[in-house]
Trainee: 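I have a structure I would like to understand better, so I am pasting it below and will then ask my questions one at a time.
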Amino acid sequence: MAKQEDQFKKVLSHAKEYGYVFQSSEIYDGLSAVYDYAQNGVELKKNIRDYWWKAMVQMHENIVGIDAAILMHPTTWKASGHVDAFNDPLIDNKDSKKRYRADVLVEDFREKISEKIQKDIDKAKKRFGDAFNEDEFRNTNPNVLRRQKQMDEITEKLTKVQEENDLEGFRQLIIDLGINCPVSGSSNWTEVKQFNLMFGTQIGASAENATQVYLRPETAQGIFVNFLNVQKTGRMKIPFGIAQTGKAFRNEIVARQFIFRMREFEQMEMQFFVKPGTQQEWYNEWKETRLKWHLSLGMGAENYRFHDHDKLAHYADAAADIEFKFPFGFKELEGIHSRTDFDLKAHEEYSGKKLQYFDHEENKSYVPYVVETSIGLDRMFLAVFSNSLQEEELENGTTRTVLKLPAVLAPFKAAIFPLVKKDGLPEVARKIMDDLKWDFNVFYDEKDAVGKRYRRQDAAGTPFCITVDHDTLQDDSVTIRHRDTMDQKRVKITDLKDIIKAEVDVKTWLQKM
Ligand code: GAP
């Protein structure tokens, strides 16, 4: 645990030191759970967004994008169920005065049991080597069986109190499990209360004329209310998708873990409209496709897992999370939800407008079913950033800090250095830079010794460094150094573009899907 916390602290300080993420309004001591993306962070974030957009929109003929407004007619949120049901169950510890999400307390407790099971498995794996059979071990080891039973019972009880909205039962479950406040260590809990997460604001010049509106808590509703506009103007045939990326806002009360849970964040969502009855098939298909997208970035298959929901949201008939191994454990990165026809039907009912599709093959109209993929851009940023930050022991006994970002996502693809600040070398380096910047985001640096400049770029995540030296003036060659291997090669200036492209091109990465 201490190791995890240390690693997470390193992520936070590195994100600040290398211009990735700053606390919002830091000079006023910040605003809790609100962050700003700095000069490198904004590039990484944009590259993640573009990588998603390319894969989801531009590579699919039947998916188009929109950019709906953040403010929407307030009835939208009544129809969607957010006004009545977008709540978190909160509980306070009377001694520490700290507030927690009741469901998260229980889930974290359950996760600790799961970690113990994993530890037993890892130990046995080491002991038995190749002869180890994990399934058999899970099904026969008494410790694992006991713990698994405990986990299943917790899941069952949690689902029950959530489904029945049994707030007293929720509190009792926390007490029965012996969950104590991590700060005070006591179990002196208040009752559980529901708290709506939407931020409200008002439109209008005076208090009498003001209309209550909300900052959208998800981008999805902007897609639903535009379903027919897009279908008609784009002459879209089912199955088809509408995608968008944009800000969403939630008044998260328990906002911890840096950019993992923010009050203002960005989502990348796609709603896929399908014929009723085919939703299960499409749900499975999108689960698989989305996992492949993640795996294409090469961040380790062992760092992902599916978590099928026990408790379904009010709109879903199936739902799963793609969880990622963050520095604080496996947590939700993306959700795939089979949302049935709930949203379109609700908007039909509240707006009085038909939101139906005429299926020429079937010769009838129907309200399509929807399969949604929804990923938090900031969470994806944290997944990429934390997974990439590594400390390496070098052969000479020193360590280097290197940010091994997938090259396709790196803010700068190459840094260009003149070996010294004289003898015409800066001019040649600038010329190379001016040429490369048409194709890639590149960085120029002439300060300090070259070794120091290499280390700076390693820590900033730049995949290539290009050094111009005195030989360059004779043979039009430069030294290109690779961030991950630290290998250096002498190459012709005219070959630079192809060498960089081969490693950073979106096509090369997405073709791994
Ligand atoms: N339209 C469905 C929807 O919004 P969700 O599971 O509430 O579903 C989808 O959110 C994704 O948005 C999550 O998987 C997560 O990546 C991201 N997300 C949700 N709340 C967030 C928050 N407070 N801060 C950062 N990302 C968040």
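One-based numbering, in listed order, for ligands and for the atoms of each.
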Trainee: Residue-level breakdown please: for L333 versus ligand 1, do any non-hydrogen atoms fall below 4.0 Å on the side chain, on the backbone, on both, or on neither?
Mentor: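 Just the backbone.
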Trainee: Check ring pair (Phe, Tyr, Trp, His ring centres under 6.0 Å) between F86 and all other residues, then give those that pass, not counting sequence neighbours.
Mentor: H82
Trainee: Which ligand 1 atoms, with their elements, are less than 4.0 angstrom from a heavy-atom of E372?
Mentor: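 Listed by number with element: 1 (N), 2 (C).
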Trainee: Tell me whether N93 contacts the main-chain N or O of S186 through its side chain, where contact means a donor paired with an acceptor under 3.5 Å.
Mentor: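 At least one qualifying donor-acceptor pair exists.
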Trainee: In the protein, what heavy atom is nearest to atom 24 (N) of ligand 1, and what distance, to one decimal place, separates them?
Mentor: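 The closest heavy atom on the protein side is M262 N, 2.8 Å.
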Trainee: Would you check whether R263 reaches within less than 4.0 Å of ligand 1, judged by its heavy atoms?
Mentor: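 The answer is no: ligand 1 sits nowhere under 4.0 Å from a heavy atom of R263.
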Trainee: In the protein, what heavy atom is nearest to atom 8 (O) of ligand 1, and what distance, to one decimal place, separates them?
Mentor: H337 CE1, 3.6 Å
Trainee: Side chain or backbone of H309 under 4.0 Å from ligand 1, or both, or neither, by non-hydrogen atoms?
Mentor: neither
Trainee: Verify whether one side chain among T462 and R483 offers a donor that lies under 3.5 Å from an acceptor in the other.
Mentor: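 No, because no side-chain N or O of T462 sits under 3.5 Å from a partner of the opposite role on R483.
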Trainee: Can the ring centroids of Y100 and W189 be said to lie less than 6.0 angstrom from one another?
Mentor: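 Between Y100 and W189, the centre distance is under 6.0 Å.
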Trainee: Which residue holds the protein heavy atom closest to atom 9 (C) of ligand 1, what is that atom called, and what is the gap in Å?
Mentor: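 Checked against all protein heavy atoms, atom 9 (C) of ligand 1 sits closest to S374 OG, 3.0 Å.
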Trainee: In the protein, which heavy atom is nearest to atom 15 (C) of ligand 1, and how far is it?
Mentor: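 Here the closest protein heavy atom is R379 NH1, 3.5 Å.
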Trainee: For the rings on Y51 and W509, is their centre-to-centre separation under 6.0 Å?
Mentor: no
Trainee: To check your reading of the model: name the closest protein heavy atom to atom 14 (O) of ligand 1, its residue, and the distance in Å.
Mentor: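 Answer, as residue, atom name and distance: E332 OE2, 2.5 Å.
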Trainee: For K10, is there any backbone N or O sitting under 3.5 Å from a side-chain donor or acceptor partner on H14?
Mentor: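 No: the side chain of H14 does not pair with the backbone of K10.
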Trainee: Aromatic ring centroids of Y357 and F273 under 6.0 Å?
Mentor: no
Trainee: Side chain, backbone, both or neither: which applies to E334 and ligand 1 if a contact is any heavy-atom pair less than 4.0 Å apart?
Mentor: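 Within the 4.0 Å criterion, E334 contacts ligand 1 through backbone atoms alone.
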Trainee: Is it true that D378 lies under 4.0 Å from ligand 1, counting heavy atoms only?
Mentor: no
Trainee: Is it the side chain (CB and beyond), the backbone, both or neither of E252 that lies under 4.0 Å from ligand 1, heavy atoms counted?
Mentor: side chain
Trainee: Out of all atoms in ligand 1, which are within 4.0 Å of some heavy atom of E269? Include the element for each.
Mentor: 1 (N), 2 (C), 3 (C), 4 (O)
Trainee: Taking the basic N atoms (NZ, or NE/NH1/NH2) and the acidic carboxylate oxygens, is any pair closer than 4.0 Å for R339 and E218?
Mentor: yes
Trainee: Looking only at protein heavy atoms, which one is nearest to atom 19 (C) of ligand 1, and how far off is it?
Mentor: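 For atom 19 (C) of ligand 1, the nearest protein heavy atom comes out as R250 NH1, 3.5 Å.
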Trainee: Looking only at the aromatic ring of each residue, does the gap between the centers of F328 and F326 stay below 6.0 angstrom?
Mentor: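 That pair passes the under 6.0 Å test.
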Trainee: Centres of the W286 and H60 rings: under 6.0 Å?
Mentor: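 Ring centroids of W286 and H60 are less than 6.0 Å from each other.
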Trainee: So, 4.0 Å and heavy atoms of E323: is ligand 1 close enough to count as a contact?
Mentor: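 E323 does not count as a contact of ligand 1 under the 4.0 Å cut-off.
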Trainee: Can you see whether Q118 engages D122 through a side-chain donor-acceptor pair at a distance of less than 3.5 angstrom?
Mentor: yes
Trainee: Which of the numbered atoms in ligand 1 are below 4.0 angstrom from a heavy atom of G376?
Mentor: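 Once the distances to G376 are compared, the set is 11 (C), 12 (O), 15 (C), 16 (O), 17 (C).
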Trainee: Who's closest to atom 18 (N) of ligand 1 heavy-atom-wise, of F381, F265, F249?
Mentor: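 That would be F265.
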